[in-house]
Amino acid sequence: MLDIKLIREQPDTVRQRLASRRAGDEAKVDELLTLDEQRRKLLGEVEILKSQRNRVSKEIGALMGQKKLAEAEAKKAETRQIGDRIADLDKAVATAEQARDQILIRLPNLPHPTVPPGASSADNPVVRTWGSQPAFGFKPKSHVELCEHLRLVDFARGAKLSGSGFLLYTGWGARLERALIQLLLDVHVREHGYTEVSPPFIIGRDCMFGVGQFPKFEDQAYAVQEGQDGSTLGKLYLLPTAEAPVANIHREEILKESQLPINYVAYSPCFRAEAGAAGVGTRGMIRVHQFDKVELIKIATPETGYAEHEQMLAHAEKVLQLLGLHYRVVLLCTGDMGFASAKTYDIEVWAPGQGQYLEVSSVSNCEDFQARRMNLRYKTETGENRFPHLLNGSGTALARLFVALVETHQQADGSVSLPERLQPYLHADRILPG
RNA sequence: GGAAGGGUGGCUGAGUGGUUUAAAGCACCUGACUCGAAAUCAGACGUAGGCGCAAGCCUACCGGGGGUUCGAAUCCCCCCCCUUCCGCCA
C-alpha cells in the first residue's frame, strides 16, 4: 500500500511512477485524491461535533452530581440532535474512507529509480551470467524423457490423482526432491545465517492481503472450506508461497531497531491455481499447480534494505553455483514487476533439454509497501515508529530446479550424475535407471 | 463439537454508566544527588487520524464488529482468540 500522504503531497510524481509500470493505474489517482479530500472535510466536521458532545456530556454528569436534574434533562434533549448528526456524518466518513481505500489497496508499488523502464520481459536487462551452457556429445533429452526413463516422476498417475499440473514423484525422483529441500535449507541456515521457520500451509486472508496477493489476485488462489460448510469458504487459503505466512509473522507488531535485520528461511509447498493459464506449458514440470520452494524473507531498515536485497540475491545464486548450474540474473523492468515489488531480480537457470532459461527465483524488495498493509513497524533508537523494508526471494523454487538439474547433469547413457554437494543427501553419485 | 473461565498500555493488574485525562506497581527514558554507580527524589513515559507556519488543539482506540445512552472499558447482541476440562483424532 502506498503512503496516502505521499500521494497527497506529490501527486504528479506518484502518477508518473505508476505510469512507468504501464498498467494504467495512474488514472485512479485523481479519484483517490477527491475521495481523500472529501473524507478529511467530513472528518473535520464530525470531530467538532464530537468535541461539543463530549463537553456537554461532562456537564450533564456534573449537573446530575449536583442533583440539578431538570437542567440535566434540558441539556440531554439538546444534545440528542447532535448525536443524530454525528451518526450521519460518521457514516459519510466511513463511506468516503472505504471508497478511497478500495482504490488505494489496489495501487501497485512504485518502482525504485534504478529499475529500467520497459513494457515486458523482453526489456529486462541481463545483469550477469554465471557459468556457460554445457556442451553435450549427444542430443540432450528433456526432463520429461529423463523422468520417464529413470522413473523419477509419474506424470500420468499424478494427473490421475489430482488432475493435470500435479506431480507424483517416485523413487529417486522423490528422494532427489527431498534431498534438494534439505540441501537448500542447510545452505541458507548454516552458511547464510537465516533462521529456519516452518509455517502453516493453510493461511488466513490477512496474510494474503498483507503481502499484496489480495484483493487483486484472489482468483489465483486455492480456497479451502471445512467439510460441507460453505460458510467457511473465503477464510483460509492454500499458500501460493511461503512469503505469505512468513512475511506476516510480525504483522501488527512494533519491532526494535536492534532486532533488524530479521532473516527467515522456510520450506513449503506452493499452490497456484494459475487461472486462465490452462494449456500453457502444461507438459512436464515447468508450470504446475503445486511445487516445493525454499523461500528467504528479510525484514530490514530502509537504510539497509537495498544492501540486503543484493545480499539475498547472492544467497539465492549460491544454490545454483553449488549445483553446477548455468544461470543468468535479469533485472525486471518497470512493466514486468510484481504488484508489491519496488525492485526485482529474477534468476533464470539454463535447461539444456528445453533450450531455454527457466525462472527459478525472484528476489524482491517491497520496501514498506507490505509493511504498511500489515501494519508492521519498528521503533528507531530515537523512539520513532517506522515501516521496515520487507524482502522476499526464492532460494529457490524446486520443480524447475529439478528440471535444470537432471537436464544439465544427464549422461549419454541416460543416467544423471549428482553434484558433489548433493551426494551425501542421496548416498549416491548418480541416478541410474531402475 | 460440548462446558467453564479469561482477553485492559512494554509487563503485572485495578476499574460493573459520569473530574477516568484508564488507578497503582514494575520496566524503560530524562533530570537532581554522587568522583561514578546503586538507592532515593522529581518528571516524562501508548497507537493512529485530523487541524495548525508553529507552540499546540481536537478525535478515535481497553480482542473485533454492531447496539442501547446525552455519555460505554463498564450494559446488550454477534464473532475471534487464549486457558482448563470432556468428546473425537494423527
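Basis for what follows: all heavy atoms, side chains included, without hydrogens, waters or symmetry-related copies. To find a chain, count down the sequence lines: A is the first, B the second, and so on, and within it residues start at 1.
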Legend entry - Electrostatic pair A:D36:A:R40 at N-O distance under 4.0 angstrom: yes
Legend entry - Under the 3.5 Å Watson-Crick or G-U criterion, the dot-bracket string of RNA chain B, with | for inter-strand pairs: ((((((((.[[[..)..(.....]]]..((((.......))))..((((((....)))))).[[[[[..)....]]]]])))))))....
Inset, instruction - Could you tell me whether A:D12 and A:R15 have a side-chain N and a carboxylate O separated by less than 4.0 Å? - result: yes
Legend entry - 5′-ward residue of the pair A:N375/A:I48 relative to RNA chain B: A:N375
Inset, instruction - Can you sort out the partners of A:D206 under side-chain contact (heavy atoms from CB on, under 4.5 Å), two or more places apart, ordered by chain and number? - result: A:R251
Inset, instruction - Could you measure between the two P atoms, the one in B:rU12 and the one in B:rA4, and give it in whole Å? - result: 26 Å
Legend entry - Residues within residues 54-64 of chain A bordering RNA chain B, heavy-atom distance below 4.0 Å: A:N54, A:S57, A:I60, A:G61, A:M64
Inset, instruction - In plain terms, say whether A:E243 and A:K293 are close enough for a salt bridge, that is, a side-chain N and a carboxylate O under 4.0 Å apart. - result: no
Inset, instruction - Check side chain to side chain donor-acceptor pair (under 3.5 Å) between A:E97 and all other residues, then give those that pass, not counting sequence neighbours. - result: A:R39
Legend entry - Partner residues of A:A92 under the side-chain contact (heavy atoms from CB on, under 4.5 Å) criterion, sequence neighbours left out: A:L42
Legend entry - Close approaches to RNA chain B from residues 30-45 of chain A, in residue order (heavy atom, under 4.0 Å): A:R39, A:R40, A:L43
Legend entry - Positional range of nucleotides in RNA chain B within the contact set of chain A, heavy-atom, under 4.0 Å: B:rG18 to B:rG71
Legend entry - Nearest-angstrom distance, P atom, B:rA42 to B:rA27: 15 Å
Inset, instruction - Tell me what A:K75 touches on the nucleic acid: a base, only sugar-phosphate, or nothing, going by heavy atoms under 4.0 Å. - result: nothing
Inset, instruction - Write down the distance separating the P atoms in B:rA24 and B:rC45, rounded off to the nearest Å. - result: 13 Å
Legend entry - Pair A:R106 + A:E31, salt bridge at N-O below 4.0 Å: no
Inset, instruction - Identify whether any heavy atom of A:R8 sits under 4.0 Å from a base atom; if not, whether one sits that close to sugar-phosphate; answer base, sugar-phosphate or nothing. - result: sugar-phosphate
Legend entry - Distance, P atom - from B:rA54 to B:rA72, rounded to whole angstrom: 32 Å
Legend entry - Pairwise P distance, B:rU16 and B:rC76 [rounded to whole Å]: 14 Å
Inset, instruction - Kindly write out the residues that satisfy ring pair (Phe, Tyr, Trp, His ring centres under 6.0 Å) with A:Y169, not counting sequence neighbours, or none if the list is empty. - result: A:F402
Legend entry - Pairwise P distance, B:rG10 and B:rG87 [rounded to whole Å]: 40 Å
Legend entry - A:F209 six-ring face occupied by A:R373 cation (under 6.0 Å, within 45°): yes
Legend entry - Qualifying residues under side chain to side chain donor-acceptor pair (under 3.5 Å), relative to A:R430, sequence neighbours excluded: A:S415
Inset, instruction - Flag the pair A:D90 and A:K50 as a salt bridge only when some basic side-chain nitrogen lies within less than 4.0 angstrom of an acidic carboxylate oxygen. - result: yes
Inset, instruction - Just jot down the side-chain contact (heavy atoms from CB on, under 4.5 Å) partners of A:T334, sequence neighbours excluded, or say none. - result: A:S20, A:P111, A:V115, A:P117
Legend entry - Qualifying residues under ring pair (Phe, Tyr, Trp, His ring centres under 6.0 Å), relative to A:Y264, sequence neighbours excluded: A:H250
Inset, instruction - Using the P atom on both, measure B:rU47 against B:rC86 and round to a whole Å. - result: 44 Å
Inset, instruction - Tell me which of A:R53 and A:E226 sits closer to the 5' end of RNA chain B, going by the nucleotide each one is nearest to. - result: A:E226
Inset, instruction - Can you tell me, in whole Å, how much space there is between the C1' of B:rC53 and that of B:rC75? - result: 47 Å
Inset, instruction - List for me each residue that meets side-chain contact (heavy atoms from CB on, under 4.5 Å) alongside A:T13, sequence neighbours excluded, and say none if there are none. - result: A:Q10, A:R17
